[in-house]
Amino acid sequence: MTGFQTTHAFSGFSVDDIDAARTFYGETLGMNVSTNAMGFLDIELPQGGSILVYAKPNHTPASFTILNFPVDDVEAAVDDLNARGVVTKIYTDPDFGTDEKGIAHGGPGRGPDIAWFTDPAGNVLSVLAAN
């Protein structure tokens, strides 16, 4: 008998509308989404692993970024997302705000270029510079 194992670990988060999530993650973002036997969504990640998305009637959007997409060019990724109808978030914080496209430009002590957007349930996602 073995104890704790990490072999098939996965992450998960809740949404308030499973059908809207299926459309957003599968069609809008182009991810590989399937419905499991319990009616939850399984999002298969290209490099391995998966994410479980489950409906929760009293869902409250996460107060942090739940999913990050490293990209080669944040500005091009934002343009692509905008063309798909995804709106990036504009932050006006004087110390770490975004430009008019919703991109926070990185630099020494600031991290990479990054832009945030939300799924239909209000959960926060990001695209950020891969290098």
Side-chain angles (χ1 to χ4, degrees):
M1 181 157 189
T2 59
F4 175 77
Q5 297 180 2
T6 61
T7 308
H8 299 286
F10 62 92
S11 183
F13 57 86
S14 70
V15 296
D16 55 359
D17 183 336
I18 204 79
D19 293 326
R22 181 183 302 105
T23 299
F24 180 77
Y25 287 98
E27 295 176 20
T28 304
L29 297 185
M31 300 181 81
N32 186 2
V33 178
S34 60
T35 304
N36 68 24
M38 296 185 305
F40 300 154
L41 303 180
D42 287 320
I43 301 175
E44 182 183 327
L45 299 174
Q47 300 295 322
S50 65
I51 302 167
L52 178 71
V53 179
Y54 55 95
K56 184 177 173 191
N58 58 347
H59 166 76
T60 300
S63 61
F64 51 87
T65 306
I66 62 163
L67 189 56
N68 298 283
F69 297 94
V71 296
D72 292 329
D73 183 334
V74 172
E75 188 159 340
V78 166
D79 290 343
D80 185 24
L81 287 167
N82 291 164
R84 296 176 192 209
V86 176
V87 177
T88 47
K89 296 178 70 65
I90 306 295
Y91 292 103
T92 57
D93 183 307
D95 295 324
F96 197 72
T98 61
D99 65 16
E100 67 282 349
K101 285 187 165 187
I103 301 170
H105 295 278
R110 294 178 51 94
D113 289 356
I114 187 168
W116 294 272
F117 57 100
T118 58
D119 72 3
N123 294 312
V124 179
L125 306 115
S126 81
V127 289
L128 70 156
N131 45 5

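- By the criterion of side-chain heavy atoms lying less than 4.5 angstrom apart, applied directly or through intervening Ile, Leu, Val, Met, Phe, Trp or Tyr residues, Val53 is grouped together with Leu45 in one hydrophobic cluster.
- Separation of atoms CG (Leu52) and OG (Ser11) is listed at 9.0 Å; rounding is to 0.5 Å.
- Note: Phe117 CZ to Leu29 CG = 5.5 Å, rounded to the nearest 0.5 Å.
- Summarising the geometry of Met31 relative to Ile43, their closest heavy-atom pair is CE-CG2, 3.5 Å, with the distance given to 0.1 Å.
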message: For Asp79 and Lys101: C-alpha separation, side-chain torsions, deciding distance, then whether side chain to side chain contact (heavy atoms under 4.5 Å, CB included) applies.
response: CA-CA 8 Å; Asp79 290 343; Lys101 285 187 165 187; 2.7 Å; yes

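- Hydrophobic clustering places Met38 together with Tyr54 (ILVMFWY residues linked when any side-chain heavy atoms are closer than 4.5 Å, directly or through intermediates).
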- request: Evaluate the criterion side chain to side chain contact (heavy atoms under 4.5 Å, CB included) for residue pair Val78 and Val86; output intermediate values, then yes/no.
  value: CA-CA 9 Å; Val78 166; Val86 176; over 6 Å; no

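- Note that the CH2 atom of Trp116 and the CG atom of Leu128 stand 9.0 Å from one another [nearest 0.5 Å].
- Counting all heavy atoms, side chain and backbone alike, Arg22 lies closest to Val33 at CG-CG1, 4.3 Å.
- Across every non-hydrogen atom of Ser126 and Asn68, the tightest pair is OG-OD1, 2.6 Å.
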Side chain to side chain contact (heavy atoms under 4.5 Å, CB included) assessment of Lys89 paired with Thr98: CA-CA 8 Å; Lys89 296 178 70 65; Thr98 61; over 6 Å; no

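- Taking each heavy atom of Thr88 and Gly102 in turn, the nearest pair found is OG1-CA, 4.0 Å.
- Asp113 places a side-chain N or O within donor-acceptor distance of the main-chain N or O of Gly106, the cut-off being under 3.5 Å.
- When all heavy atoms are compared, the tightest approach of Pro61 to Ala121 is CG-O, 3.2 Å.
- Applying the ring-ring contact (aromatic ring centres under 6.0 Å, His included) definition to pairs two or more places apart or across chains, none involves residues 57-76.
- In this structure, the side-chain hydrogen bond (donor to acceptor under 3.5 Å, both in side chains) partners of Arg84, at least two apart in sequence or on a different chain, are Asp80.
- Side-chain heavy atoms closer than 4.5 Å link hydrophobic residues (I, L, V, M, F, W, Y) into clusters, and following such links, possibly through other members, connects Ile103 to Leu67.
- Expressed to the nearest 0.5 Å, how far CG of Leu125 lies from CG of Asp119 amounts to 5.5 Å.
- Between the OG1 atom of Thr118 and the CG atom of Asn123 there is a distance of 8.5 Å, given to the nearest 0.5 Å.
- The CZ atom of Phe13 sits 3.5 Å away from atom CD1 of Ile66, with the distance rounded to the nearest 0.5 Å.
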message: The test is side chain to side chain contact (heavy atoms under 4.5 Å, CB included); show your working for Tyr25 and Leu41 and say whether it passes.
response: CA-CA 10 Å; Tyr25 287 98; Leu41 303 180; 5.6 Å; no

